Asks: 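Below is a structure I'd like to ask you about.
We name chains A, B, ... by the order of the sequence lines, and we start the count at 1 in each one. On a predicted model such as this, the values are computed, not experimentally measured, just so you know.
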Amino acid sequence: MTDIDKTLTRLDAAAGVSELLAAAWDAFSVLLAGCRDGEQRSAELSAAFAFAAAAAAEGRLLVDSAPSLPAGHGAVTSGVVCVNADPDMAADDLAGLALALGARMSVAAREAGDGGDREACGQAAAAAARIRELLARDG
Amino acid sequence: MGAATFGEVLDRARGHLDACAAVQDSALRGQSVAGAARLIGRAALTLSRYLGDSAPYGVAEAITSGGVDPQARAAVDAREALQLAAACLGAEGPDSGDVGEGAADAMTARLAAAGTALAAGRDLLRTHFTRGADGEVLPRSDWSAVITSAAVTAAVLAEAGRWAQQLGVLTARLAAAAAADAGVPVAVSQRLAEGCRELLAAGVVLAAGRGGVAAGSDAELLHAIPAWFPPERQLPGDAEPAGELAEGVAVSATRLRVIARASARTAAWSPAMTADSWRWTATGAAVICNVGEIMLTTLAGQPDPSVRGTVEASQLLGAAEAAACACDRWRDVGAAWNEMTTDTRGLFSPVIADAGDLVVRLGRLAFADPGWTPARARRAPVRGIADLAPDGRRAGVVVGAIHHAADALACMAAADLRAVRAATRGNRVHVPTRTLPETDDARYPFWNVTLAGAAALTEVYWAAVGASERLAVELDAVAVTMNAPSRIRAAARAASRAEQESRRGPRAAGDRGAGPARAPAAELDLAMSAGPGPVEQAVRRAGGADLIVLMRARAIDTAARKLIAEAKDGVRHMDQPGLESTASPSALVARSGAQVASASFPQGAGVRHGPGLATPEPGPNQMLNTLNAPSRPPARSTPKPAPLRRTPPPASGSAISSHAPRPPPRPSATTGTESTCDPAHTKRIIAANRTQK
């Protein structure tokens, strides 16, 4: 099971805004690490991975600003993320994760009780959508 | 469509002036002569202001200071002569206001248009300077140092000399027409003759001051100077061919250089300057470098050396390696922003659009899809050499595009460094609290960046500045060697570098007129002239030569050709009795411009020579007497450069709990980007710049 699979499972299982924000923060971290890794693997996909990495960093900082993110979350991060070595397959996996992340964050943006959470989730959903747009085969 | 260049404006002026020469003498009479004379006087006044900008010395200072070089002294002498000519021709008379407006005769209308274009050219050059808070003149663009460089100064003087000559000949025709017209008072004819004499003297003085140095490359650089105002944005179109893509890259690069520099000044307060924007532009810069590396490597693999022209594969690979290095440094910058943010968010920086255009157009050059975008859905294979550069011309176009982009990145890196430091000092850069080791109060999600964090951010920007500059320098050499369309940027950067080095050099303020080094001219000769000579060919064969060595080799070849030509001329002159003493250009330089001028024209009273040319009624050595006249204003004292304004360092311990934009502080009313238009403006620029030495 790759880090992407684990993160997808956590996103699916997240109950409540705090848990979802924590899972989203980790998902953006996986996207960031995966994109930076992919940036160096393929000349043809390098630009897509590079801009997707920038969007992932932006999304993670947006989640950071959500009031309901559990305190201290992200203080310890694992530096290594296991993604597919094939850049095309990695891009597919990362685009899938971004799609799932965007969907969950969009829902949270509508349903979260705190205004700060709603705003953060809405902007994070947009960042996830940009990542998917950059990495998906069909755009 | 790029910004208007000085050359375009000057060409327009020259076209009008050339048209004046076609006007028949029979059309010159009465009011027409008077009006034309006043307009020539105005043009002379404008020329004198050009010279004042180039050599901001008073007459007494130019005469008494040993540090003023012959070229600057010639400019001062010529400036005085032109002002005298303007006075003789009634340029500033009480009824001179509406001359030329709706003029009925061709010459007056043409002269009015020429004078307007000439003044517009000077205004164009001055758009590259602005005023600081204390009224001091400040550079405003990367062309500012080029304009005050030795190369461009020489070109301005050469251009002014040619104009003075041409206006002098026109005035001579007017004087002849006036003398032949019984209705024109004798005093008017005499004043025309005096004006003619001063104009021709100015032309001779300037030619002598340049020492006969050929300034073709200097002139090309002068003519290429654009107005400061960025050209209109050109959105990438569908399926643009390589030539259009390269032109679009040049436009975006020009805009980026101007906009990055201007927006950096607002970083301390502008809500548009965000961490998201800086992260995005760093990413875009890395992509540009990566795409550049791909294309340079492809070009280096060209199996047919004739397509590459004189550039060696190793030179291209060296540039590709520099591009890879710059790509890594920009990725480091992007990574540094991964854990930082600002008090405002979003991609609102004014540079985003043009950086994006650069990415898209360079990508379309490199990848085999005319509609390429960074998105994976538009992925395409890298173009092979046959597709990328099937011939030498296309190779030059591709190199030119990469060169323009690299040049813009070097400028953007320096601007971003300044901007980020300003934003940090303005307490605008923050980090997530989770990234800090221990905080007393973790209620806030973000905290001001620590001093160490700010230093680390600055450090990665410094590295990006260095790597981008190195890439630009590598591509300067490649562009020059391949005679790529972007070679003018190499020349501009060389002139600018030399000017900045001369300011930092050991020469003291009292030595300010010692004359900038001629290195830029040598570099420009290399940049502009075609066909390597024997020395350059030998240096190239030896391999490993850098740009400066190549430029020196080219300069040596040029000097050798000039020496041979002079030797041939000398032989011809020796065959003609009485010409020995003036045959050598160096002999002319050794004498003062005024001496040359006073000896170059007859001293008798208004004698006519031929049908159209009259010599003025002279006073003996009138110019020298005028130069020493006590009524002249004293030399201007050089203003002190204003101290840098510093923002207090970030207050430690202040936290933010939201990212609502702060109301931007009102910028100082006196600090701005207003254009400066008073005649002493550029004098002060150069004086201030030289005082900094």
Asks: Between A/Glu44 and B/Arg376 (salt bridge meaning N to carboxylate O under 4.0 Å), is one present in this structure?
Replies: no
Asks: So, A/Glu58 and B/Arg345, do they make that salt bridge, N to O below 4.0 Å?
Replies: no
Asks: Is chain A contacted by the side chain of B/Val359, its backbone, both, or neither, given a heavy-atom distance below 4.5 Å?
Replies: side chain
Asks: Measure the spacing between CZ of A/Phe28 and CG of B/Asn338 and express it to the nearest 0.5 Å.
Replies: 12.5 Å
Asks: What are the two closest heavy atoms between A/Ala43 and B/Phe367, and how far apart are they?
Replies: O-CZ, 3.7 Å
Asks: Once you round to the nearest 0.5 Å, how far does CH2 of A/Trp25 lie from CZ of B/Arg434?
Replies: 4.0 Å
Asks: Which bit of B/Ala380 is near chain A, if near means a heavy-atom gap under 4.5 Å: side chain, backbone, both or neither?
Replies: backbone
Asks: Considering all heavy atoms of both residues, which atom of B/Pro445 and which atom of A/Ser65 are nearest to each other, and what is their separation?
Replies: CB-CA, 4.3 Å
Asks: Are B/Asn290 and A/Ser46 packed together at the side-chain level, in the sense that at least one heavy-atom pair is separated by less than 4.5 angstrom?
Replies: yes
Asks: Passes side-chain contact (heavy atoms from CB on, under 4.5 Å), B/Glu339 versus A/Arg60? Steps please.
Replies: CA-CA 9 Å; B/Glu339 295 288 11; A/Arg60 192 170 70 175; 2.8 Å; yes
Asks: Using a 4.5 Å heavy-atom cutoff, which residues in residues 115-136 of chain A come close to chain B?
Replies: A/Glu133, A/Leu134, A/Leu135, A/Ala136
Asks: Answer with side chain, backbone, both or neither: which region of B/Arg331 has an atom nearer than 4.5 Å to a non-hydrogen atom of chain A?
Replies: both
Asks: Is the closest side-chain heavy-atom distance between A/Leu61 and B/His430 below 4.5 Å?
Replies: no
Asks: Please flag which part of B/Trp372 lies under 4.5 Å from any non-hydrogen atom of chain A: side chain, backbone, both or neither.
Replies: side chain
Asks: Specify which of A/Asp88, A/Leu32, A/Leu62 makes the most heavy-atom pairs with chain B at under 4.5 Å.
Replies: A/Asp88
Asks: Among A/Leu69, A/Asp92, A/Asp138, single out the residue with the greatest number of heavy-atom pairs under 4.5 Å to chain B.
Replies: A/Asp92
Asks: What's the shortest heavy-atom distance between A/Ala48 and B/Pro374, and which atoms?
Replies: CB-O, 3.0 Å
